[in-house]
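The structure appears right after this line, and notes come after that.
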Amino acid sequence: MCPPGCLHSICEQASRRGLLKAGFGFGVAAAASAASFAATAVAATPVAAQAAPAVQTRSFTNVLDLTHTLYEGFPTYSGEKWFTMEKPVTWAKDKVNLHRWILMEHTGTHIDSPFHFSEKGNTVDLIPITDLLVPMVVINIAARAADNPDTSVTPDDIKAWESRNGRIPDGACVVMNSGWGKLLSSPKFTGVDPAGKFHTPGFHGETAQFLINERSVKGVGVDTLSLDTGLNSAGAFPFHYAWLGSGRWGVENLANLDTVPEKGALLFVGAPKVKDGTGGPSRIIALV
Ligand SMILES: [Zn+2]
């Protein structure tokens, strides 16, 4: 059992011991290093069964939390309550605190597994942990999105990033920073209009094809409710079907993206290991 704040204290201890200066190859060594301070329980995972790419040396000075706190009433497109916390065991009654969560898997800051939008893709428990610790690429479209919430990340945005930073690293996660992470408590977060349509930025369908066919990318992330734009999240979901259908994952409702440089961070997705899960609330951390 881990009390509130234990992740932070473990990170501090890890930092003091120099554990953040670890051998990194986006593979076993990296995953083992992250697991050593992110979740001690992961130590029992048989990582040796997974491929071990060449190890590179990386060092970090900051650990950033890209996770919104989940609470009852966290925004959803439908307005339905997707997370409830019941308190059947309380200190006052039992001298123990124990809550029961009732939730839809895709609420709060969370991961979409390939199975979420495919017939036979990996469920969340089957995503290799070597795919969940990856170089992070941040595509900032916030200025454009402020004027047009229906805008999307296009292949041209990826190419513009590459013109400044070089080619997207193999195995990366490409993240959209639309500025929506700061709008959680605003009606703009769902962007619903009087006609019931949603206006939030996302990834363009063509960008899925570009990243699948012309780059080597493991995941994508957004600071909005959906990988697709709000307008495309009312049934068509072109990006979701193409991207998750290709066996890749996505994360939604990311926070604090303004604190992450557009290049050079490493992203760790603390996905839940729930058998047959389609995704779920996740602790998502950037190492900078
Ligand atoms: Zn989702």
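Both ligands and their constituent atoms are indexed starting at 1 by order of listing.
- Between the Zn ion (ligand 1) and the N, O or S atoms of Glu252, the shortest distance is to OE1.
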Exercise. Do Val192 and Lys197 pass the side-chain contact (heavy atoms from CB on, under 4.5 Å) test, and can you show the C-alpha distance, the side-chain angles, and the key distance before you say yes or no?
Worked result: CA-CA 5 Å; Val192 65; Lys197 295 193 170 176; over 6 Å; no
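- Residue Asp112 approaches the Zn ion (ligand 1) most closely through its N/O/S atom OD1.
- At a threshold of 2.8 Å, the Zn ion (ligand 1) has a backbone or side-chain N, O or S atom of His110 nearer than that distance.
- Side-chain polar atoms of Asp156 and Thr154 form no donor-acceptor pair below 3.5 angstrom.
- Remark: Phe115 CZ is loosely packed, at most 12 non-hydrogen atoms of other residues, nucleotides or ligands lying under 6.0 Å away.
- For the Zn ion (ligand 1), the set of nearby N, O or S atoms under 2.8 Å includes none belonging to Glu105.
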For this session: In sequence, state the C-alpha distance, the side-chain angles, and the governing distance for Ile139 and Val174, and then conclude on side-chain contact (heavy atoms from CB on, under 4.5 Å).
Result: CA-CA 7 Å; Ile139 309 291; Val174 175; 3.7 Å; yes
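- The N, O or S atom of His106 lying closest to the Zn ion (ligand 1) is ND1.
- Using the six-membered ring where Trp is involved, His106 and His110 have ring planes that are perpendicular, over 60° apart on the 30 and 60° scheme.
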